[in-house]
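Taking it in order: structure first as structure tokens, then the write-up.
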There are 2 protein chains.
Amino acid sequence: MKITTNVIILQKASSVKRKSAGEILKTLRVPEATVSRLSIYSRFLERLDKNGITTVSSGEIADGVGVSPAQVRKDLAYFGDFGTRGVGYNVKDLLKYTLKILGLDQEWPLAIVGAGNLGFALCTNRGFSVRGFHIAGVFDNNSTRIGKQIGNLEVKPLAQFPEIAKKENIRIGIIAVRTSLAQEVADIMVKSGMQAILNFSPVTINVPEDIEIRNVDLSIKLELLTFNLGIKTTQSL
Amino acid sequence: MKITTNVIILQKASSVKRKSAGEILKTLRVPEATVSRLSIYSRFLERLDKNGITTVSSGEIADGVGVSPAQVRKDLAYFGDFGTRGVGYNVKDLLKYTLKILGLDQEWPLAIVGAGNLGFALCTNRGFSVRGFHIAGVFDNNSTRIGKQIGNLEVKPLAQFPEIAKKENIRIGIIAVRTSLAQEVADIMVKSGMQAILNFSPVTINVPEDIEIRNVDLSIKLELLTFNLGIKTTQSL
DNA sequence: AATATTATGTGAAAATTACAACAAATGTAA
DNA sequence: TTACATTTGTTGTAATTTTCACATAATATT
């Protein structure tokens, strides 16, 4: 239950320094997959907590999210000793720790560029708000969309991005425009001081090295499925 | 330019049998990451082709999508010899091959359950249609949504899923309902003969082993970003 | 108090994936 | 025709990630 991790400093893309027993900070790299699984564990723990479950084992987490128990323990071990041998993990505590590790112990204002159907869906997506994200600005350059109300938010012209981003302290931008505009929007985001970008357009975006960028590709997983269905039905190339 | 891959048969999740020079079929497993990158290469090739570019090297593909040239060649080598030494790859041909490998040389009818904002965005998503997917059915149980028109498609009650899925030859289902309904919808899809499921709800779904299921999680990548922004600003746990 | 049971944390082994280096093949220019 | 430049396909190597196995610690039981 004691936390051995005390200081976390960026070394490379996903490296942390972790305090070991001997008080020496050792550097270790955290696989990106580990961080993603942490999100999944975290949401599973939320569900357990909501159902009044107070203690959980690595095996139960593993069953719940579809990984191996060793994987769960290894993933958590990157960040500290959160469990009690012979007992398991305290749900509330572990949930708190995973949220803290993921940086979700604070509110994150987001800016979305693209107020089309996808942008609209993202704005109204409950999944974001329950995890501490809130949309602080929606932008578009299409005059039919500017001024439109989404929830209690008004779609603003893209030109106002820098100003609003600064005022609202936005560090993360979401690209939900069509492919041909994606790079242009990314450039504006970088110029406006965004430190991280989530790109929903199916194209590779170039940004400076110090900007974190990740893609959510709606089609890739679908094409993985058709690949698998394809080889299932035996076909010649 | 000659294709050595002749027969592809499912061995495990992503295994193919590939014909080597000696005419012997050897079994090799294809990393899922390779298949995902193939989707990305494929779309990059589409862009090149549209711009009238006829030849491309592994290095140019690598630069275009942000991986190493060796990775590109290795990925393609799982499926055959598509290039010419000293020259590179023929764009049109390689595009055709990648599409074929991904199973995108045919039309894929899809069924979406959930006609909320996300379901609506997916229905109208241009990215699907350009890759050979088309929505053949949209379903919901919310009476305010049933009967609503999305493009030239009408939202049908969930009860009609099995019937329409069969009539339209749908093998892939998309889950775009809220978390609490996701498993229930998955069960209906399995019962209706879906062979693959794409799940947009942030919860782990259980399906029989022979059903392919993949998740698109809108928040995970966002939380990866906050993790990285978190360690960038040095904080104690 | 001793023993049994449970479940974590971790170091070592195994498996997977990516990278690098180079021989082979192609095209080009002298 | 020969030498040179280019770029693939592939083999071996390195790095990463996952899995395994077990010592360790906490609790329960006799």
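Reminder, nothing fancy here: chain letters follow the sequence lines and each chain counts from 1.
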Practice prompt. Search all heavy atoms of Ser201(A) against all heavy atoms of Val177(A) and return the closest pair with its distance.
Written response: CB-O, 3.7 Å
Fill in: Where protein sits on nucleotides 22-30 of chain D, one letter per nucleotide: B base, S sugar-phosphate only, - none, heavy atoms under 4.0 Å
-BBBSS---
Practice prompt. Using side-chain contact (heavy atoms from CB on, under 4.5 Å) as the criterion, point out the one residue from Arg178(B), Gln183(B), Glu184(B) that pairs with Ser180(B).
Written response: Arg178(B)
Worksheet entry | Nucleotide dA15(D), atom P - distance to NZ of Lys74(B) in whole Å | 16 Å
Fill in: Centroid-centroid distance, Phe82(B) to Tyr97(B), less than 6.0 Å
yes
Worksheet entry | Atom pair OG1 (Thr204(A)) and CG (Asp217(A)), whose distance is rounded to the nearest 0.5 Å | 9.5 Å
Worksheet item: Counting side-chain heavy atoms from CB outward, which of dT10(C), dT8(C), dG9(D) is closest to Ser58(A)?
Response: dT8(C)
Worksheet item: Is Arg214(B) salt-bridged to Glu212(B), going by a charged N under 4.0 Å from an acidic O?
Response: yes
Worksheet item: Roughly, in whole Å, what's the span from CZ in Arg29(B) to P in dA18(C)?
Response: 13 Å
Item to complete: Inspect the contact between Glu46(A) and Arg131(A) and indicate whether a charged nitrogen and a carboxylate oxygen are less than 4.0 angstrom apart.
Response: yes
Discussion item. Could you tell me how far apart Phe82(A) (CZ) and dT8(C) (C1') are, to the nearest whole angstrom?
Written reply: 13 Å
Worksheet item: Over how many whole Å does the gap from Tyr78(A) atom OH to dG11(C) atom P extend?
Response: 12 Å
Discussion item. Between P on dT8(C) and CG on Leu76(A), what's the gap in Å once rounded to a whole number?
Written reply: 9 Å
Worksheet item: What nucleotide, of dT10(D), dT19(D), dT8(D), holds the atom closest to the side chain of Ser68(A)?
Response: dT19(D)
Fill in: Per Gln71(B) side chain, nearest of listed nucleotides dT19(D), dC19(C), dT10(C)
dC19(C)
